[in-house]
Amino acid sequence: MTTAARRAAAALAASALLSGGLALSPGAAAAPAPHTSHTAATKHPAKAKAKAYKPRAADAALYGATNPAKDGVSRQSLAMLGLYAANRRPANSAIRWLQAQQCADGSFTAYRAQAGAPCTPATPRDIGATALAMQALASVGGQKPRLTAALNWLRTQQNTDGGWGTSPGAPTDASSTSLVIGTIAMTGARPSSVRSPYTTNQGYDALVGLALPCSVSHGAGGFAATLPAPGQWPAADPRSTAEALLGGIGKRLVAAPVQSGPAPVCHTAGANTPEVVARNGAAYLAPMLTPAGSHLTTASGAADPSATADAVIAMCSAGYGRQAAGALHWLEANSAAWTKKAGPAAYARLIFTAHTAGVDPSDFGGTDLVKGLEAAGPPAVAKPAPRPAGSPGASASPTKTARPSTSPSPTPSEAALNPSYVSPAADADTSPVWSGAIWWVAIALVVLIAVGVVVVNRRSAHGRPRG
């Protein structure tokens with residue numbers, strides 16, 4: 001679709017949205033007429049209005065201006081990942097804000113108003129927020145101690161079936177498990193190596209247990225959100241299926257585009273292996289995403305752009321981009337309305353979608369997603385394109401590059417995690433493996449050359465005629 005066509009589609013969709021033809025939330029419906037007993041408002045004292053949220057000075061580096069009580073860490077993490085996908089680096093203040101939210105045991109909560117106060121056993125931990133924060137911190141580099149602590153904490157929260165729930169002790173669900181799998185992969189570890197401390201089950205085992213077989217009449221190939229109660233049959237959930245598809249193939253939210261291939265088919269052979277059941281989920285989703293105007297909905301029937309974005313990301317990451325074309329165009333047409341309502345999280349998810357689908361995020365249905373996300377928080381920094389040393393335009397002085405001159409400094413939480421840790425440069429690799437390996441290879445080459453010279457000299461000496 002051309003840029004002009006996308007903008008025309010966006011204008012038509014926006015017109016339909018404003019005229020009531022499409023509702024992005026149940027709240028768009030007209031309110032019912034008040035009951036007669038409620039009309040005499042003057043006879044009763046007016047109800048106190050809810051106190052408007054006033055942003056705190058401590059949250060100046062937080063993306064978005066709404067109350068962060070329920071989503072502060074997740075929102076910040078999504079925004080940082082969105083910038084990463086758009087080749088931007090978050091401001092150091094934004095990184096420090098997220099760092100300060102981490103508890104000493106490595107976990108994260110939904111939001112801590114008093115980030116300097118230590119977390120207690122009663123502090124409600126959030127598995128999804130922890131996994132998202134790990135992906136965000138991994139994207140900026142130099143966070144190895146924090147990531148190790150968070151991963152170790154996630155290991156202690158793994159259920160006996162190998163999966164994770166929304167919080168410690170919660171039953172396994174497809175969304176949390178898939179998110180953690182993608183997070184483990186982003187840290188460089190193998191998701192299959194992280195097993196329940198109580199059994200040998202891994203996250204992939206939990207996903208297989210939530211998959212519906214191809215033989216059922218409804219929801220074939222889909223994934224249930226959670227295991228049903230005893231005696232009940234599992235029901236396929238589109239959003240859980242989209243997230244299980246992404247997790248089942250071991251991918252994260254910011255995934256590289258994959259060339260689209262044949263349409264997915266639900267296979268019964270090998271239906272107990274993670275990738276097969278994940279791709280069966282793609283076969284379940286495809287009819288919901290291919291036709292023009294396709295999108296996923298909530299349980300109440302309202303359009304769900306967040307779930308639709310997750311589905312497009314998963315399908316494109318798995319090589320089924322053509323089967324998600326209708327939903328992609330629907331997101332383009334409705335991007336302006338959704339981002340206006342949902343803010344940084346919406347901008348970030350749509351940037352992930354554009355990145356995976358190979359679409360320009362600066363002109364997504366006429367909306368500049370990158371500009372909108374950057375405007376919601378502290379100024380980001382464009383990452384300089386890597387250039388070979390000595391090439392035209394390459395700078396010999398690190399002070400002349402676009403890289404920030406300072407890196408996030410250790411916080412009280414950092415000291416609790418590792419007292420001897422000193423925050424490295426922004427783009428530093430804290431692993432000493434490669435530098436040590438290079439020295440050993442150089443030494444080995446010198447030794448081999450010396451041995452070769454000795455052998456050649458000896459052979460030459462033996463071959464000379466004696467006088």
Side-chain angles (χ1 to χ4, degrees), residues 73-74 76-85 89-90 94-95 98-99 101-109 125-159 162-164 168 175-197 201-207 243-244 246-256 274 278 313-314 317 348 352 355-356 407-408 410 413-414 416-418 421 423-435:
V73 168
S74 297
Q76 189 81 344
S77 302
L78 288 171
M80 289 171 59
L81 284 168
L83 292 171
Y84 169 71
R89 178 180 170 80
I95 300 172
L98 186 59
Q99 288 178 329
Q101 289 287 314
Q102 190 171 21
C103 296
D105 62 3
S107 66
F108 285 80
T109 68
R125 270 62 166 187
D126 190 307
I127 288 175
T130 300
L132 279 175
M134 288 177 66
Q135 291 198 29
L137 291 174
S139 72
V140 299
Q143 308 295 318
K144 194 171 183 179
R146 292 182 176 279
L147 296 176
T148 300
L151 180 57
N152 288 339
W153 182 81
L154 284 176
R155 287 176 182 270
T156 67
Q157 306 307 318
Q158 197 169 9
N159 293 329
W164 286 267
S175 297
S176 299
T177 301
S178 301
L179 180 59
V180 173
I181 287 175
T183 298
I184 295 171
M186 190 169 184
T187 64
R190 289 184 298 108
S192 60
S193 68
V194 179
R195 298 179 178 270
S196 170
N201 291 329
Q202 48 165 305
Y204 290 129
D205 295 326
L207 287 183
E243 291 164 342
L246 192 67
I249 59 176
K251 296 207 175 175
R252 56 192 183 182
L253 287 171
V254 183
I313 293 167
S317 298
F352 303 156
H355 178 78
T356 310
S407 58
S413 294
E414 186 74 79
L417 289 170
N418 187 346
Y421 176 73
S423 183
D427 299 293
D429 182 358
T430 56
S431 172
V433 173
W434 288 109
S435 59

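Computed from a prediction, not measured in an experiment: that's the story for all the values here.
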Check your understanding: Could you go step by step and tell me if Q202 and S193 meet the side chain to side chain contact (heavy atoms under 4.5 Å, CB included) rule?
Key -> CA-CA 7 Å; Q202 48 165 305; S193 68; over 6 Å; no
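- The two atoms that bring G248 and A278 nearest to each other are CA-CB, 3.8 Å, heavy atoms only.
- Note: Q143 CD to T187 OG1 = 13.5 Å, rounded to the nearest 0.5 Å.
- The backbone N or O of A314 lies less than 3.5 Å from no partner atom in the side chain of K251, so there is not a single donor-acceptor pair.
- At least one side-chain heavy atom of R155 sits less than 4.5 Å from a side-chain heavy atom of N152.
- Within the 4.5 Å cutoff, the side chain of I95 has heavy atoms near those of the R89 side chain.
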Exercise for review: Could you please spell out the steps behind the side chain to side chain contact (heavy atoms under 4.5 Å, CB included) verdict for L81 and S139?
Suggested key: CA-CA 7 Å; L81 284 168; S139 72; 4.1 Å; yes
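- Contact between A206 and G162 at its shortest, heavy atoms only, is CB-C, 4.0 Å.
- Across every non-hydrogen atom of R252 and Y84, the tightest pair is NH2-OH, 3.7 Å.
- You'll find the side chain of I127 reaches within 4.5 Å of the side chain of V180, heavy atoms only.
- Closest approach of A85 to H355, counting heavy atoms only: O-ND1, 3.6 Å.
- Taking CG of D205 as the start and CZ of R195 as the end, the distance is 6.5 Å to the nearest 0.5 Å.
- Going from atom CG of L78 over to atom CG of L253 covers 7.0 Å, rounded to the nearest 0.5 Å.
- Side-chain contact between L154 and W164 is present, with heavy atoms from C-beta onward closer than 4.5 Å.
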Review point. For M186 and V254, what are the C-alpha separation, side-chain angles and deciding distance, and is it a side chain to side chain contact (heavy atoms under 4.5 Å, CB included)?
Key: CA-CA 10 Å; M186 190 169 184; V254 183; 5.9 Å; no
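- Checked by atom type, the side-chain pair S175/E243 shows a donor-acceptor distance below 3.5 Å.
- The closest side-chain donor-acceptor pair between Q135 and T183 falls under 3.5 angstrom.
- Across L137 and F108, no two heavy atoms sit closer than the pair CD1-CZ, 4.1 Å.
- Looking only at side-chain heavy atoms (C-beta outward), L98 and S77 come within less than 4.5 Å of each other.
- The closest side-chain heavy-atom distance from I181 to V194 is not below 4.5 Å.
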Exercise for review: Go through the steps for R146 and Q102 under the test side chain to side chain donor-acceptor pair (under 3.5 Å), then give the verdict.
Suggested key: CA-CA 8 Å; R146 292 182 176 279; Q102 190 171 21; 2.8 Å; yes
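- Listed by chain and residue number, W153 satisfy the side-chain contact (heavy atoms from CB on, under 4.5 Å) test with T156 (two or more places apart in sequence, or in another chain).
- Remark: the backbone N or O of A255 is paired with a side-chain donor or acceptor of T356 at under 3.5 angstrom.
- In this structure, the side chains of N159 and S196 stay at 4.5 Å or more apart for every pair of heavy atoms.
- Shown here for T130 and G106, the closest heavy-atom pair between the two residues is CG2-O, 4.2 Å.
- Between S178 and L246 the shortest side-chain heavy-atom distance does not fall below 4.5 Å.
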